[in-house]
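Here is the structure we will look at, set down as structure tokens.
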Protein chains: 2
Amino acid sequence: MTSSRPDGQRSPTLEEVAEWAGVSRSTVSRVINGVSTVDPELRELVQRAIDVTGYVPNLAARSLVTRRTDSVALVVSEPDDRTEQTEPFLNRIFTDPFLGRITAGALEVLRPEGIHLVIMPAESPAHHHVLRYLRQGHVDGVLLISSSDEDPLPQQLCDLGIPAVLSARPGKPLPMSYVDVEQQVGAKLAAEHLLAIGRHHLATISGPLDMPSSQDRLAGFRAALAVHGHAYVPSAAGNFTRASGEQAARDLFAAHPEIDGLFVANDLMAEGALQALRDLGRRVPEEVAVVGFDNSIAALQCRPQLTTIHQPLEEMAAEMARLLLARIGKADPKPRSVIFHPRLVKRESA
Amino acid sequence: MTSSRPDGQRSPTLEEVAEWAGVSRSTVSRVINGVSTVDPELRELVQRAIDVTGYVPNLAARSLVTRRTDSVALVVSEPDDRTEQTEPFLNRIFTDPFLGRITAGALEVLRPEGIHLVIMPAESPAHHHVLRYLRQGHVDGVLLISSSDEDPLPQQLCDLGIPAVLSARPGKPLPMSYVDVEQQVGAKLAAEHLLAIGRHHLATISGPLDMPSSQDRLAGFRAALAVHGHAYVPSAAGNFTRASGEQAARDLFAAHPEIDGLFVANDLMAEGALQALRDLGRRVPEEVAVVGFDNSIAALQCRPQLTTIHQPLEEMAAEMARLLLARIGKADPKPRSVIFHPRLVKRESA
DNA sequence: GACCTTGGAGAGAGCGCTCCCTGGAATACC
DNA sequence: GGTATTCCAGGGAGCGCTCTCTCCAAGGTC
């Protein structure tokens, strides 16, 4: 806020610009908002006045009347019951390439529209904090990354009528647009690839089981294997961090040393699994083949480089932004879902 | 914004709550803002009215008169000239544990004060975007993470009188508070440890050389070694990513195969260096000792675990938040610096 | 009982903007 | 030439809140 600028003077108002230019407040307002019915000569005069005075519209005043703020929030939400984890929430989300890709994709759409993106982590203790922020009208809408089907936030936003778009199929049916990838298809791709390269003892490391996407990947993997006669597939759940993948792999191989093919529900956990396998002296891919999920930068950084299921996160986030803008534009709340296709990216690990 | 709630009705106003309670607008306002001169009975009545109507103050209206928004921005800035990097800016900042720790530390202080934190990446094409956002008065102040001494943002904020606190010594002297760690001391700790464990051929991987903190770490390392007679220290610069650390290590060992002690300017690059050394068949720490910087989660995730220089990022961010709040509170612009102490954390790699 | 003090509620202005409405000048039409 | 039409600038209301000021009533003082 420029109210505390060093010289003590507040930033100029529309009125002052108008006075400088010798026109009315309305005219200046028109110039600023690009209304076409302004004499070109006057327009230029006003523009000069704006430049000279260093005028910047006061957002509060504007949005008081327009009821728009031209910014949307990217909320990364986490429910109460998963707070007892080894790695703090903020560490987790700011270490996973996921968020960066989502942000990049969303900005791709929002920036040209002149809409700002504010990123808000909402782990349990801050949940109500963030809700209050959203209710106060700081933003026009929210892109919601929710990590559990128990998360109340989608429902709350729905009830409050705050425009929102979800990053995945909601846990419970909700009249809300969302974007997703065909999780089951992705898992099937992984399963069939592992079978195709001759692996018979398959297992999987899943994400947290309260997440629809984790459930889908697990179910998809099992279903695809069932088709090929594999009735039982050992699995262990992680929480999408590297460390949890490492631990899950250790557990899995301790119980089932015969495993020769592993599907891991994201690249970060796969990287951890690779670490565990190295420690266990299992060669990848010769003895154990590993397939990840995401095709994030992490897949390229580990050794061997990860064969993985690509999901187009940037495009998905861009689509989320588009859906949100459409929703903000008109209050017509016909929820839409946009589903993307995964694909296998073959590298060294399988 | 609840203006688009499904039933089409806008969220209730102060006036409506007042009517419900049969009191004046002023009284409701007093209750909401916790003014003590309200009859307890009336207070309770008003509170009930607020609950029933589901009233939430309209932020725009409030901040129009108070000139406060009760939120501050965490801006991660990057200047123009470093945009040609291999890894996109957003990937970089959202993959480095750094940002998560900063956020956590800042929230520790801001949350109890009821102040919201919005995170804004400001890589080159969006720079003016973010500046506009800040000028519009969306936030009361900014915590600025700047990565180059060429970055114009600190100066701009200064000129505009927008309260801000920097995360490190500014490249050019500026009347602005900042927080830092004794970079040179940290580097010296690393140098002396490497010497103490009997290494003689030392080298370093630095951060980007347009960053004051990178310069300081490099200079500190060199200075400490000079004291022990080492006139020349091979170095290579990375950009704080894992991949850049890997590449720098390769370059360094190609040119100087005799290196037996390596100081790397952050843990992420050190992790990359470890990877390179593994590929090169050099055992760590037996043949090459490696010391990192940060003591981030990354230091624990790599093998061998990293000996590193701890910097208390969470506390530093908390202090930044405190300095900012003080600055926002009163316009008294006496800039303060708070310098933290690094310490060596010994693990496996050196 | 007349006066002063004090606690607590209401009235009103105004923050800076948008947007509708009005009105005057310029142009078009009969 | 008079009227209708268009164009474009200005006037004014009002968005929802805060905050100062006013005012009333209750209590205290002599």
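- Rounded to an integer number of Å, the gap from B/E16 CD to D/dC15 C1' is 13 Å.
- The side chain of B/L64 lies closest to D/dG16 when the candidates are C/dA9, D/dG16, C/dG12.
- Rounded to an integer number of Å, the gap from CG of B/D70 to C1' of D/dT18 is 14 Å.
- Between A/D180 and A/R169 there is no salt bridge, since none of the side-chain N atoms of the basic residue sits less than 4.0 Å from a carboxylate O of the acidic one.
- A close approach under 4.0 Å does not occur between any side-chain nitrogen or oxygen of A/T37 and OP1 or OP2 of D/dC8.
- Checking D/dA9, C/dG10, D/dT18 against every side-chain atom of A/R30, the shortest atom distance belongs to D/dA9.
- Between C/dT18, D/dA9, C/dG10, one nucleotide has an atom nearer to the side chain of A/N33 than all others, and that is C/dT18.
- Among the nucleotides C/dC15, D/dA9, C/dC17, the one closest to the side chain of A/R62 is C/dC17.
- Atom CD in A/E15 sits roughly 12 Å away from atom P in C/dT18 (whole-Å rounding).
- In this entry the distance linking CD of A/E19 with C1' of D/dG10 reads 15 Å, nearest Å.
- Nearest to the side-chain atoms of A/R25 among the listed nucleotides D/dT18, C/dC17, C/dG10 stands C/dC17.
- Taking atom CG of residue A/L59 and atom C1' of nucleotide C/dT18, one finds them 13 Å apart after rounding to whole Å.
- Nearest approach of B/V75 to B/A122, heavy atoms of both residues: CG1-CB, 3.9 Å.
- Close to C/dC19, at under 4.0 Å from its OP1 or OP2, lies no side-chain N or O of A/S29.
- Rounded to an integer number of Å, the gap from B/L14 CG to C/dA11 P is 14 Å.
- Ring geometry for B/H116 versus A/H129: interplanar angle over 60°, hence perpendicular rather than tilted (30 to 60°).
- Rounding to whole angstrom units, CG of residue B/D39 and P of C/dG8 are separated by 7 Å.
- Side-chain atoms of B/S63 never come within 3.5 Å of backbone atoms of B/T66 as a donor-acceptor pair (strictly under, hydrogens ignored).
- Between A/S26 and B/Y55, the residue anchored closer to the 5' end of DNA chain D is A/S26, taking for each the nucleotide with the nearest heavy atom.
- Side-chain atoms of B/V65 lie closest to D/dT18 of the nucleotides C/dT18, D/dC15, D/dT18.
- Taking the side chain of A/R67 as heavy atoms from C-beta on, and the options C/dG10, C/dT18, D/dG16, the nearest nucleotide is D/dG16.
- Every residue was checked against the salt bridge (charged side-chain N to carboxylate O under 4.0 Å, His left out) condition with B/E19, not counting sequence neighbours, and none meets it.
- The nearest heavy atom of DNA chain C to B/P40 and to B/A61 marks one nucleotide each, and the one closer to the 5' end goes with B/P40.
- The phosphate of D/dG16 has neither OP1 nor OP2 within less than 4.0 Å of any side-chain N or O from B/T13.
- Take the nearest nucleotide of DNA chain D for A/L42 and for B/I32: the residue whose nucleotide is more 5' is A/L42.
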